[in-house]
Each structure stands twice: as C-alpha cells, then as structure tokens.
There are 2 protein chains.
Amino acid sequence: MSVEPNYFQQYQHADIDELADVIGELLQNPITVEDADHKLIAYSSHGDSTDQARWSTIMGRRVPEKVLTRLWKDGVFQELLTQDDPVHIPAKDEVGLGKRVAIAIRRGSDVLGYIWAQEVNRPITREDDEILRQAARVAVSRLMQRQGKRKAEEQRRKEFLWELLLGNHKSESTIRQKADSLQMQLPTAYLICIIEAAGARLDQYLYPLLMRDKLLWVVDGSQIILLIGLDGSVKKDVREVLVRKVEQFLADSLGKLEAHVTEGRQVIAGYGLGYQSTYTEIVKSYREALHALKIKKLFPQENEGIYGYHELGIYRYLLQLKQWEAEQGYENERLEKLRQYDRDNQTAMLQTLETFLDAAGKVNVTASRLHIHINTLSYRLRRIEEIMRVDLENMNQRAALYLELKMAKLDQEQ
Amino acid sequence: MSVEPNYFQQYQHADIDELADVIGELLQNPITVEDADHKLIAYSSHGDSTDQARWSTIMGRRVPEKVLTRLWKDGVFQELLTQDDPVHIPAKDEVGLGKRVAIAIRRGSDVLGYIWAQEVNRPITREDDEILRQAARVAVSRLMQRQGKRKAEEQRRKEFLWELLLGNHKSESTIRQKADSLQMQLPTAYLICIIEAAGARLDQYLYPLLMRDKLLWVVDGSQIILLIGLDGSVKKDVREVLVRKVEQFLADSLGKLEAHVTEGRQVIAGYGLGYQSTYTEIVKSYREALHALKIKKLFPQENEGIYGYHELGIYRYLLQLKQWEAEQGYENERLEKLRQYDRDNQTAMLQTLETFLDAAGKVNVTASRLHIHINTLSYRLRRIEEIMRVDLENMNQRAALYLELKMAKLDQEQ
DNA sequence: AGTTCGTTTGTGGATTTTCACAAACAGAAG
DNA sequence: CTTCTGTTTGTGAAAATCCACAAACGAACT
C-alpha cells in the first residue's frame, strides 16, 4: 500500500472558505460545505459550471427542500450518516442535481456537516476519496467552532419552546418578537406530539426523521415533545393536513422505534389538537397531548392505534367526570348491583355488559367475542336489564352505562 | 220546615271532651273527635260498645293508617273535604270499621278536624244530621285554639326542613336533637322530590295526598318540595321502595294537577337519590332534584316520563361537561363541519345523525321517525361518516358524538 | 340544452336479529 | 333422593339489517 500524501498540511489554519477553494482546486470541481442542518457554510469560488441544485443552495443559503427529501428517500443520507467514506451519487435530474460525491464531516458519532463535490470538470475517482477524507478531518475544527455557537443558539431555542409549552408567554406579540430574535420560523399552524419510550435516547433514534420534517423538539426524560407545524402554504383543511402529517410521522417513527429500541414495546405516543395563528395555544395542544398519553396508558386496548386527542371520544371526558363523581361522593349503585350478582352467582354479567356495549350493541359480535351462544347472550342481557333496572335499547341509558363502566375501570384496574 | 232546636246552647263554653260526651248522649252512640291530621282530640266516655277501629284510634292517639288508606281509597275523605253535611259510611269489616257517620269541622275552606259517630246503640238517621252540623260549628273554636299552636309548631318544622334542605346543619346529632325537640319523626330513609307548577297553589291541591302519605313539605314560590320518607320497617332494597313510593306519589299528584290546575300543562317534577341514616345528605338529594328539574326543562322530550335523578343517564353529566368544555375553550369541529354541510347543501344531516343516535343505531326506527327511505338513511349515514370522519359503528365515537350533540343543543336551543 | 353532482328511491338476496318455546344441565334447598 | 332455580343451548319462523346495483330526480354549471 502506498503512503498517501498529506494534501492539507499547509492549510491547517486556513478558514473554511479557503479550505473549500483548496479542495476545489485539488479535485478541479465545485465544492460546497454544509452544516448538519444543511445550511450553507462555504463554497469554492472555482468556476461557474454549476448545476441547479448547487445554485439554489448558494442563493438560498440552504439546500432546497425537494433535494433533501429526494436524498433522504434514496437513502443517501442514511449512507452518509453511517459511514466515514465518501458516497458517490448519480445525477438526479428531476431535482436539478448533477452527479457528485459527498462525505460527512464527523467527530466521533456526531455529524457536524457535509462536503459536496460536484462532478463537472472531471470525474471524481476512488483515488480522490482520500482527498475528501482528509478534507473532512481538517474541516472538523472549523465546524466545531460554528457548532459551539449553534449549540448555544439551539439551547436558547429549546428553552423558548419549553416556555411556549408551559405557557409562560401570555401575549402573541412577545412570542413573535422572541422567535424573530432567535431566528426561529414558527409555523402558522401546529400541534404538539409526544412520544414516550422508557430508556431510549429518543432524539438520537429519531434524528433523521426530525431533520427530514424540520421539526422543533425538546426532550423531557423519556419523552420527546415535538412541534409539528405547517407553513402558510396550506390554506384549507389545515387541521386535517396537520393530522395527516403527524400520523405519517408517527407511522414512520413508531415503526422504527419499536423495531430499533425497546423489546417490550413500551413506546406510546399522543398528540393534541391543531391550532392556527395563535401561539399561546401551544400550551393547550401540549396538555391535550399529555392527556392523550395518559389515557393511552390507562386504556391501552381501548385506544390501540389511536394517538390524537381528537380521537379519544368519551375518554376525553372520562378523567374529568371521574374526578367530579369523586367530589360528589357518588358511587354507582347499578354497577355495584351487577358486580354483587356476579359474586353471588359466579356469573360474568359485567363482562358481558361491557363487551356488549363495546360492540355497540351488536349481538353476534358480542357473542363471538365472549365465545357464547347467541341465545345465552340474549338471556344474559335480559337478566342484566332486570338486575340493573335499565333499558339497554335506550341510547341515553346505554351511553351513560358505557361511561360509568369505563369510569369504574379507572379505579378498578389500578 | 220546622225550626230546629239549638242543641248546644248551654254548652257554648264547654271544653272539647265535654262536647264529645254531649254529642254522644244526643246520638246515643260513641263519638270521637280528630284534628285534620287524624290525631285524636277527644272521645265520648259513653259506653264500651266500640269497634276495632275506634279502639285502635283511642289507644294509638291517631286513626290507624290502614283505616285512613281505605277511607281515602273509597273517596270518603274526598266527600268530607268538599261538603258541609255529614257523610254516612257503611261498615268496612276488613279494616275493623263499623258503620258510622262523620262530618268535617271546617272554618271557611279550611278543614280543622272531624267528628265521628259510631252507629252501635241505635241507627243515626237524617234527622240527626243537624245535631252533627251544630256540633261541628261549636267545635270550631276549640280546634282553632289547638290549630293556633299547631300552626306555630308547623312553622318551626317548615323552617327546620328548609335548614335541612339548604344544609345549614353540619352534624347528624344536632339534626336529631332539633327533630326531637320539634317532635318530628324523621324517616330513616328519604329522598327529596320537587313539583313545580306555575301559578298553582300546590299545597292546596295536593293536601289530601300529602296527608295520606304523611309527608313533610315546604312551598317555595311555584315549587313544592317534598321529603319522601320510609320508616325503619323497610330493610332491603330501600332505595327501590323509595323510588316506587315517589313514583306512585307523582303518578297520583301529576294526574290530579294536570287535570285540575293548569291547561298548558307546565307541571314538571323531579326527585333526587335516596339516602339512609344520614340527614346531612338531604342537601344532596335536594340539589339532585333541582338538577333533574333543570334538565327536564332543557330537554323535555328527551326526558318525558322521567323524574328521578338516577334515571337521567348522560344528562346527569351534561351541564358539568358543558361548563368544562366552555372553560377549556373547546369548540366541536366535527359537529360544526356537519352543520356547515347542512347549510351549504340544504340537507338535514345533523338531524339525521341525532335521530339515528337517539334510536340507538336502529336503522328502521330512525328511518321511520324521519319519514325517509331506509336506503336514504344508509346513504346519509355513509356521507356523515365521510364528512365528520367518524366511525358510527364504534361505540366510543358513537357515545362521544351523542354527548357532544346533546351538549351542542344546550347553547343552540336557548 | 346537456352534463355533472349529490341525493333519493327501488329491488333482491344474503345475513343477522328477534322472539317464543323447549330441552338439558348444574348447584342449592328441601 | 327429588324439586327448584338459574343458566346454557337448540330450533324455527318472522322481521330487520346490510349490501350492491340501478334508476330517477333536481339544482348548479357550462
């Protein structure tokens, strides 16, 4: 194996722009350097033979969204994030991206940024890879400095998000001011989503997804709290689009987390309602998300596959009702009667009733779930009506019983 | 017409016992005098040829319950209360009541008491009626004195009942003491019932019923508040017996009131839960009764024929929930969407949904109530599911929708 | 005028529900 | 042991539900 020359020995102390130029000269091709968030840091002034993607990146000071999306989708970033070597990327004309080579600038497992070398003047071969590897190493210290600043800023942003979540700001104008001063672009419509997984470094595992969707987030113990936002381009059915977005995110992330992280699948998630224009309502969405999470812990089966506060149905009211009942010192006589009957006669009337109600009054569904004959069910239902003195045909009574049954489960199960 | 002699001229100032003896001698038969509450006031010492009913009355200082019940049932009291003449009553052997004649002692329209003349030594004829009429007139002043005391006592009792209703007494023992000092026998189990009829003198119309059931009551504006009680003889299913008693009372009284008093049938009633042993819970039962009344005003159709707080079903929670929703600043998006659709397309989806839910999901019932084809209904339901993004087969969603619909009616109708 | 869209009504057949009635069974009480 | 009571299962017929598909209708739009 031949000893490789040290290409950047005399440029150890050059600034990042100079570095870009040096790499560009070595490879005889245009170079761009980006940070981990794909913001432009430096670019070579070499020539003007540049493709659409590079031009847009330089003009917008950031890689265009559609390019990023495409590269995520094609697995380019996944490669870059997991290996030290340069990745050779074929042209993707649909997004205006010419053929190029990229390498991650990393320190340990942290990715600080990327170097991109376009292939226009000459092809970049495997022999050039060492140039890029060395360039990436030299770039580390430059990006560290930047990252130091970035981290402090990031810290302030996270603190600000916490303030919003906890409702510390009372006026919309101060929120907008502070967001401006932190150079944060708050979405025009948003909702709060919480993912909880005991013992997992959530932000780490979700990093690619968080980056992909450009989300604001904070980590709180075993929870990660996400602000899912939409920009002003969506005009109608805003809430529905938000819900689709968060459901998509959850589909992506929960699958990944469950496979990746925990064996006992203690991954749960919940999200609040969507709000528009006003940022003081982030508190509400956050509390709603917490509520949804709480309910999902209390009634896991009942709310399987449900994450949104708006989908909770009666469970939205249940805790409040329960508390109110407790204050009133009310104890449900009818249900107690049925329980007593079950104890006395070793029957399962209560379970029968619950299954029946859960099945929305469909006899065949109920019977098959209970593995009993349909006439047995009809007999039991008649008995239940006698014992409890209720009319199960009456929707009011049915709904009330349903509520009371679920309330009773609250202090029964735990 | 012959001039009747003045039988009692020389006894104008005799006391009531002496009066009883005089009547007894005139009629040559045993006499008893009772107050309006059928408590024994005086009885002739004439002979000992006495039937079971009279004997029990004297021994118990009050007419036995079963005798009273029977006489009410047979319409004897109704006659006595409405006419000035003596009423001739045939023997009723089943309750140990021999043949006798009775007359009400009245002042204006107020009944102060009754004079009873048993027919054992000789028959009492139409000629004797004048004796009884005069006797009743002479007895008035004696009973007035008694009634004066009774009214003051009654007043104190009513005040005490108000204190109980409003929860002024915090301890059971002080309640029991005060009840003893007022010589009130509080029932061991009770519930509060309220009847409201605009512009009717409720206590007047209900007087016979109130007397029959020996109820405690107070009048408050257009409401009469009743304490329906049971004594200690009922041991099991106390609440059920209470409910039967109050339902019986309401069946009797509402029929009477609606026929008798108001044309526009603004007679409404409601009653609270039953409680035992503790009198501090009269407040609760009273509030529950008020709540039931309120709900019946807000949802008259939905609660037709329902009076008990325990029968209110979801309506028990509705006001509380509504208030909570308001506090949370929640506005129901899904329902609003449907309403919007109805406005845009001149359809009746909301009404369809409500009818469907009210019918507990039975399609044929729903369709016939709406006077539409069953397939039209099924089409509409499918559209509703699309528009609102709900699954009407799911009990949770169904119940939640039902609740929300009724809540929405609260601020919609009024 | 024709077209489109959302709605209503009709038909027919497979499936489910409802109801009444009978038989079998097990545990408790006499 | 028998008797009684509450429960489960079976049968069969009438009624109700569900589903797919077709046709008619009116209002809005071109």
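Keep in mind it's a predicted model, so treat the numbers as computed, not measured. Naming convention: chains lettered A, B, ... in sequence-line order (proteins, then strands); numbering from 1 in each chain. In what follows, every heavy atom counts, from backbone to side chain, and hydrogens, waters and symmetry copies are set aside.
A cation-pi contact links B:Arg316 to A:Tyr330, judged by a cut-off of 6.0 Å to the six-membered ring centre and 45° from its axis.
Along DNA chain C, the nucleotide closest to B:Lys362 and the one closest to B:Arg383 are compared, and the more 5′ of them pairs with B:Arg383. Comparing A:His371 and B:Asn364 by the nucleotide of DNA chain D that holds the closest heavy atom to each, the one mapping nearer the 5' end is A:His371.
Screening A:Gln346, A:Arg383, A:Glu336 for a side chain to side chain donor-acceptor pair (under 3.5 Å) with A:Tyr341, the sole residue that qualifies is A:Arg383.
Annotation: side chain of B:Leu370 is in contact with side chain of B:Gln351 (closest heavy-atom distance under 4.5 Å). Considering only heavy atoms from C-beta on, A:Thr188 stays 4.5 Å or farther from A:Val238 through its side chain. B:Arg334 has its side chain within reach of B:Leu401: a pair of non-hydrogen atoms, C-beta onward, lies under 4.5 Å apart.
Distance CG (B:Leu392) to C1' (D:dC18): 15 Å, rounded to an integer number of Å. Between B:Tyr379 atom OH and D:dC18 atom P there is a gap of 18 Å when expressed in whole angstrom units. What separates CZ of A:Arg382 from P of C:dC21 is a distance of 12 Å, to the nearest Å. Taking atom CD of residue B:Glu386 and atom P of nucleotide C:dC5, one finds them 15 Å apart after rounding to whole Å. Rounded to whole Å, the distance from CG on B:Asp344 to C1' on C:dC5 is 15 Å. A straight line from CG of B:Leu377 to P of C:dG6 spans 20 Å, rounded to a whole angstrom. In this structure, CE of B:Met349 is placed 8 Å from C1' of C:dT7, rounded to the nearest angstrom.
Comparing D:dA16, D:dT9, C:dT7 against the side chain of B:Asn345 picks out C:dT7 as the nearest. Of the candidates C:dT8, D:dT17, D:dT7, C:dT8 carries the atom nearest the B:Arg380 side chain, counting heavy atoms from C-beta on. The side chain of A:Val363 lies closest to C:dT17 when the candidates are D:dT17, C:dT17, D:dG10. When distances are taken from the side chain of A:Ile374 to each of C:dT11, C:dT17, D:dG6, the shortest belongs to C:dT17. Residue A:His373 places its side chain closer to D:dT9 than to any other of D:dT9, D:dT7, D:dT17.
Counting any heavy atom pair closer than 4.0 Å across all strands shown, A:Thr347 reaches sugar-phosphate atoms only and no base atom. Contacts of A:Asn375 with the nucleic acid, taken as non-hydrogen atoms under 4.0 Å apart, include base atoms.
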